[in-house]
J.: 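Before I ask anything, here is the structure I am working with.
Convention: sequence-line order gives letters A, B, ...; per-chain numbering from 1.
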Amino acid sequence: MQTETSKNWSQFNKDIANDHYYYLRSCIRQNFFPGSEVAFLDILRNKLGKTIYDDASHTTCAGIGYHCDIVPFETIQALAARHFSLMTEKGLKHAVVSCVTSFGIYSEILDTWNHFPESLEKTRNALRKSTGREFELPENVVHCSDIVYKFRKEIKDQAKHTLTNTKTGKPLKIVDHIGCHYAKIFPERGVGGAEFPKVLTGMITAWGGETVDYPERRHCCGFGFRHYFVKNNRSYSLSNSKKKFESMEPFQPDAIVTNCPGCNLFLDRWQYTLEQIERKTYGQQGQGIPVLTYEELAGLVLGYDPWKLGLQFHQVEVEPFLDKMGIAYKKGDKYKNLDGKIIGERPMVNELNIV
Amino acid sequence: MNEKLFVIPFVAGMALLFIILIVKGYKWISSLSKIDRLRLINALKSRRILQSAKDIFMECLIHRRIFKKNMVLGYMHMSLAFGWFLLIVVGHLEAFVAEKSLAVPFYLPIFFRFFETGKEFAGSKIFAALMDLLLLFVLSGVVLAWSKRFYKRLFGMRRTTRLQYGDQIAMTALWLIFPLRLLAESATAHQFNNGSFITQTAGSLFFNSNTASTLALPLWAAYSLALGSFFVALPYSRYMHIPTEMLFIIFKNAGIKLKKRTNSFTELAIYSCSRCGICLDNCQLNNAGIKNTQSVYVLKSIRNKNIDDEQLFNCLLCGKCQVDCPVGIDLTSLRITQRIESTLQYNASYAYLENQATTKAGLIYFAGCMTHLTPRIIQSMQHLFELAGEDYWFLDKEKAPCCGRPLMLAGQYDAAAKLIRNNTTQIIASGAKKLVVSCPICYKVFKEDYQLPGVEVLFHAEYILRLMNAGLLKTAPLQKRIIYHDPCELGRGSGMYEIPREVVKNSGQLIRIKNEQEHSLCCGGSLGNLKISQAERNLIRDSAINEYLSYQPEYLVTACPLCKKTFARNRNMVVMDLAELVLEASDEFIKRKKLKGNKVTNIRELETLIQS
Amino acid sequence: MQHIETLIKEKLNSDIRFVEGLNACMNCGICTAICPAAEFYDYDPRTMLTIVQSGNLQKIRELLESDTIWYCGQCMSCKTRCPRHNCPGLVISVLRKISQETGAFTQSRMGRQQYLLRKGLGNALLNIGYSLHPSFIKPADHPEQGPVWQWIFENASEIYKTVGANLDEEGPGVLRKIDKEAMTEFRAIFEETGCLELFRLIDQYSSIKALELGITNEANQPDMDQYLHFIENEQETSY
Amino acid sequence: MNEFAHLVSRPSRQIDYQTFDNRLLAYVLRYEPSFLTCMSCGGCTATCSAGKLTDFNIRRIGLMLRRGQTDKLAAEIDKCMFCGKCSLVCPRDVNIRNVVLLIKKESTRLHAENQKV
Amino acid sequence: MEKEQKHVAVIGAGIAGLHTANLLAQSGHKVTILEKEKYPGGHLNQWHHLFPDHSSPEWIISGLLDEQLQFDHLKMISSTEITSIEKNNGHFAINAGNELRIYADAVVISTGFKLFDARQKEEYGYGLFKNVITSADLEQSLKSGQPLTTASGKTPSRVAFIHCIGSRDAKCGNTYCSKVCCITGVKQALEISEMLPETEIFCFYMDLRLYGSKFDDLYLQAQKKHKIQFIRGRLSEAAETHDKRLQIKAEDTLSGRPLRMEVDMIVLLAGMEKNEAHQMFSSTKLLELDEHGFFKSKNIQLTRNETTQPGIFIAGTCICPMSVNETIENAGAASILVNRYLEHQQLTNHHE
């Protein structure tokens, strides 16, 4: 796990495969931001012309279980090995991971196998014994955002919108939140390293936005795994997000863009909670700060319909941001099903943004 | 216009003074506690009143204590106080004789020469001569007082107190009273020839008939004014000590003591301070350049109600100041009382002391915090206990509760009581009959503030001397010149001077020095002072060391771990505790025996040897 | 007593993550400075690491029985900065594992919560092959999820479809149902790699603790539902 | 029942130099400037009589004072027995006993002041 | 017998090189100093004051240069970079730029150190936030005589010194202690405090390694007179706030709590690193380097100035981090060893 870091990571560009990916989904992103994964595949296939295999047979990486300490390291190694085996079966060598926790898990496992070959051998045996599977080590394991970053210019070329405030003509101010496990453990596995990662800022600036560096930018959202899953510990999670909001508040950002599905969830939901219990909002004009995934951001830039992207899944209303971008959307469509009927007994009212 | 009216300033001043004194006196007496009031009544009724009268005479008029300190200073105080007193007494006699009545106007004796300008009466010449003599006596005191302001060394003093506003008025008035009286009487004498050898001579020297008749009345008026001013200023000046001290002596002789809270007796003590400044020169803080926290200033601040912690806690509590206090005020207790008042709101929590294990033993050794910083003393004590075959429990060997005295010195008596309670429980539970301590700070508190029925509290010097007397500890006096330094808490604090000296004499050659026993110096390390810096402590220590060095001692022996630690930081002298000295002398004893051809390797062998 | 401490030592030294996570700590505090848990809990990764580095097994044992090791939020920020390449967060993982394997976790409030996680998250994994499913996030337990989630929760099948998800259906896609074969392999891995054994240990030690706390049914057997309820509601004494 | 009862912002343990109350520190430094030279060596704690009996840590008290953590400090200082060993062993000759006295003095005053408010 | 004049090449005209060259010239040797910069003096040219006496380094450099004037057989060639050194029959051929080739009987390397590039510690924001400066930058600023201000021209109300930048840090590959930064930090803190008495100054340190004579006096003075506060804890990160101040985070390790503070300026006490020039010597297998990339001594205890290659000597901070007075002492020691070597060589030649 030792990494020689005697270099400027901001000058460092990691190796990102160009095509033929194997897709590994994220538990939290599927649950809370399903549209993002759909959009990612669509962008890759239809906008960038890449092939990516979406396998029905892969499972969770059990990373949450691992960080909640109920799943041993040996287990997640074998689960990762199974995924590599599935990938090997398909003749693919480039894994693309939707979840930052999973990405951290894969990075840790590959690093361990590299430093302790006996653990790789043990994993091979365990996988063989339990499933009869064999596997090859992947050539390239990256996070989905790495791919979007790599093709940010191609996306810009097809952009329908830019990240500028259409009313003022000024770039939109966007806060990036990377997610701890993206580069904090292995700075060399993140674009731009751990301190000033470029993976999201690269997208933001490429698409015309302005990034905001605020004091607690690198601070954890507070997920803490067991700190969210156990109800009584949740105030820890809340407190850490609050710390971030307070720190970013003076900069008056237009939106937060996240790399990690968990962070996206917490930065969105804790704003609502803080508004409920402390009567405090951190965005402009008493509103919350919209929190978007990078896939959603790319989708908006490429002109996807906000409700197809799943922006209705967010608690903090995203409409102010869409308005600033000058995106035309139908307000009523937000709550409609595929047949064009309003879902639910009453249309959703977002309590947070009622002034 | 009635020229008699010039007496008005005197009469008014006198009346005002009496009213104030009566009011104050009533307040002081009435606010005494019930017990103290009973004590006072008993004292007034018993023969103790005679003792008080004697004390008042000796201290308030003769100023015996000041005489003891310095003859010139004593004379100055006596001539002023006793001389004036006699002037009043003899003046009254003269008036009674002249008027042949006891019912004379009370101002008459004061202005006798003015009113009785030509009358001859039995012994008038003698009275006149006597009164002149007394006036001369008083005037000599005034001259000395003047010169003291300019040349204090004559009085053996390096410093005198600074004056306050009230003091300045009263003092100026006092200094003017007698010269004015001399001038007024001289003028009258020149006019009416009713003076004697002084006034008559001065009259013809200063006046002609013209000036004498025009200046006499103004001079008498000035004299009356000076008197009146003095009386008015008196309650607001240090001269208040004159009436207060008398009451203070009566109270003190009645057995009334300073309490842990301020009361009327505290106030009385404060008012009794004449600000003579004798305490200033005794104070070793002078060596550290600290010039404003001495007892006289603290008393003044308390009286003015502007005492602060910086002044109150900047005192070694060594007790040197009160040794020479002419009024005999318990200055240390007074300051501690004030510290108690200052720290009354503080909390303390020693819950952690609860449930400690005790050990059954016949003797308890309590080393105390300070001894823990001088492990050689502990080692020596343990050696001594082994030698004596004691079954002892080293109470504070590992877990070390404090004795409580340092807290008391810092004014926190309630907190100290908690420690005392804890330690008492431990000591009683152990079933010990003896408690030996090697630190005078602990000794004082164990002796005075602990209730330890059936337990004898012994200072290690006492214990060692007993071992020596019982033949359990044999020493051969070392060929060393030794100065014994009296620790403040042991000497002035607990009155133990001779026992440690006996021990030293058994172990070496004791040199007697000037500042010893109750005049002994403080090492500067005192826990009583919470404000002084280490650098200042070093100055105090070094001045003591330098004095000791002038006797060319080989060992400086003390009986206090804190003194030892403090002195040892100055590397010019070998410093040791009594216990260490004794052990060295004991080794010497063994060595000498051995030289005589006997092989001694341990105590048992020594014992057999001694027995044989 | 002695046995447990020897066991702890063995387990520590045999875990490669421990070897990776602790080189030599020089107590600079860079980890605590940045640690989100150090700010909101009485927790200090530096001190934790110093104790582990000291090799004092009794102290390490106390650590395993304390809330301390459960405070870490596993963000691994400590790893980024440590000038000696230590990773307190990783050492914590090892300590937590040993705490569960030795039963020490039942001695602390935060430790006991492992039973909650094993039941909730553990069963979810074994049953569906996901850590989460929309049906698990019940609005009543998750007020922070807000009214939007309530709407999603109540209308999941319809809403997920609008964004192209494949909720609980066959084939690939978002939230698809993971097929039988995959689940068989998944569970076999859990069995083979000791995860199920860990679950059994957590269950076993937790029922011992329940018994110890007198949380039993009429047959004097530990009542694990009640125990679950107990640890769910166990409050922090103070902070 | 408040459904958000379990969700409160936790108090921060962080020493925040932007917000800390330095009144007590300023008072101590005014009357005992030797406290400035403390280098946190811990000699005082090692010798402390109270420290031998309980977890009382005089060095840490000095730090609490310097970092403005006055809330717990007042209660903590009450464990001091005033024996003075700390001052005697201090390599920088800090008059620790006076520091304790000053803390007591000013915290008592501040407490009284807060009561009034 | 007539003593044959030997030729010594000294590479690097910092104080170590200048002093060694002077001493060798005094012993009668012909000496050539090769300096890659235009002017001699090395890093000291950029330094304002030295510790512990706050003296100016100019007098050291000018003193050494004045001394040179008395030796005709001492010559300095500046603006010349060495490209290679070859050894032939116990003699050395030194190739430099401009087709220059010098033959020497012995070589003294005094190439000094390289200041750690603080940009590598990205988390401190050097090169990114204008109010983050290094100790070298501060020294330049002090040398300019201008009052110290923040980037926006304001007097800083709070300054933090951060110790151990690029030292004792495996993250940047330097696990050793640079030794002089602690005292430099204290000295600079004192100087700022003298200049701006109202400014609050904090030093974040891990250990205060004030090993030298009078160093601890400065520490005491800093605490006592200047109320400079020392906090034991390594800075974790610095970030710019909305009003362009800097938020820093460390642990106050002595109280075991994380600490946050806003300051107007951060001074990073950058450590000493191996010079790039070292690589040239090691790649040609001429000399060995130690694990930190400094030149390896033949014997670290006895012959600190001898390299693993007979005839090539080292002096000053190319061996390890050193203070100015240590460097001067070290240069003296080097000259003695060179003398001994040349005498021995003369004897051997004579016998041959």
Side-chain angles (χ1 to χ4, degrees), chain C residues 18-54 56 59 62-63 66-92 238-239, chain E residues 116 118 120-125 160 162-178 181-182 202-209 230-239 246-263 266 268-271 292:
Chain C
F18 179 70
V19 181
E20 281 181 276
L22 177 59
N23 293 299
C25 168
M26 57 176 164
N27 263 300
C28 71
I30 209 164
C31 48
T32 303
I34 202 67
C35 176
E39 180 170 351
F40 296 112
Y41 288 117
D42 189 6
Y43 171 64
D44 181 356
R46 176 183 59 81
T47 313
M48 183 279 300
L49 212 64
T50 317
I51 292 172
V52 178
Q53 182 170 257
S54 76
N56 182 330
K59 286 225 166 114
E62 282 167 21
L63 207 55
S66 70
D67 278 340
T68 311
I69 55 168
W70 303 102
Y71 290 139
C72 165
Q74 290 281 294
C75 70
M76 303 291 171
S77 302
C78 44
K79 166 71 173 72
T80 321
R81 302 271 165 73
C82 177
R84 284 273 179 88
H85 290 315
N86 299 320
C87 182
L90 202 60
V91 173
I92 280 284
S238 69
Y239 46 82
Chain E
F116 175 75
Q120 258 189 55
K121 298 297 291 176
E122 292 181 316
E123 58 268 43
Y124 300 149
I162 316 298
H163 290 236
C164 292
I165 304 296
S167 307
R168 307 175 74 198
D169 186 353
K171 280 274 150 66
C172 54
N174 298 341
T175 51
Y176 56 88
C177 166
S178 288
C181 340
C182 278
F202 293 85
C203 288
F204 288 84
Y205 70 98
M206 285 204 296
D207 298 284
L208 280 176
R209 299 188 162 179
F230 290 82
I231 297 177
R232 194 195 170 280
R234 193 166 189 141
L235 196 69
S236 196
E237 66 178 35
L246 296 156
Q247 175 188 289
I248 56 176
K249 286 183 186 174
E251 183 195 357
D252 176 14
T253 57
L254 297 171
S255 52
R257 275 169 185 257
L259 178 150
R260 176 170 66 172
M261 176 186 292
E262 275 180 25
V263 298
I266 291 176
L268 304 174
L269 293 163
H292 303 308

J.: Out of E:Arg260, E:Lys121, E:Met206, return the one with the most heavy atom pairs under 4.5 angstrom to chain C.
T.: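 Most heavy-atom pairs within the cutoff with chain C belong to E:Met206.
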
J.: For E:Arg168, is it the side chain, the backbone, both, or neither that has a heavy atom closer than 4.5 Å to a heavy atom of chain C?
T.: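 Both backbone and side chain.
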
J.: Distance-only, no hydrogens or angles: does the E:Arg234 side chain make a donor-acceptor pair with backbone N or O of C:Ile30 under 3.5 Å?
T.: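 Looks like no, no N/O pair under 3.5 Å.
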
J.: Give the intermediate values and the outcome of side-chain contact (heavy atoms from CB on, under 4.5 Å) for residues E:Lys171 and C:His85.
T.: CA-CA 7 Å; E:Lys171 280 274 150 66; C:His85 290 315; 3.7 Å; yes

J.: Between chain C and each of E:Ser236, E:Gly233, E:Pro258, count heavy-atom pairs under 4.5 Å; write down the option with the most.
T.: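 The candidate making the most pairs under 4.5 Å is E:Ser236.
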
J.: Which region of C:Ser77, side chain (C-beta onward) or backbone (N, CA, C, O), has a non-hydrogen atom less than 4.5 Å from a non-hydrogen atom of chain E, or is it both or neither?
T.: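 Neither part.
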
J.: Using 0.5 Å steps for rounding, measure from the OG1 atom of C:Thr32 to the CZ atom of E:Arg257.
T.: 12.0 Å

J.: Answer with side chain, backbone, both or neither: which region of C:Arg46 has an atom nearer than 4.5 Å to a non-hydrogen atom of chain E?
T.: side chain

J.: Might you work through the side-chain contact (heavy atoms from CB on, under 4.5 Å) test for C:Asp44 and E:Glu251, ending with a clear yes or no?
T.: CA-CA 9 Å; C:Asp44 181 356; E:Glu251 183 195 357; 3.0 Å; yes

J.: For C:Thr47, is it the side chain, the backbone, both, or neither that has a heavy atom closer than 4.5 Å to a heavy atom of chain E?
T.: neither

J.: Using non-hydrogen atoms only, which part of E:Ile248 is less than 4.5 Å away from chain C: side chain, backbone, both, or neither?
T.: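 Neither part.
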
J.: Got a second to check how far E:Thr175's OG1 is from C:Met26's CE, nearest 0.5 Å?
T.: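 Output value for this atom pair is 9.0 Å.
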
J.: Nearest 0.5 angstrom please: C:Glu39 CD to E:Lys249 NZ, how far?
T.: 7.0 Å

J.: For the interface with chain C, which of E:Asp169, E:Thr253, E:Asp252 has the highest count of heavy-atom pairs at distances below 4.5 Å?
T.: E:Thr253

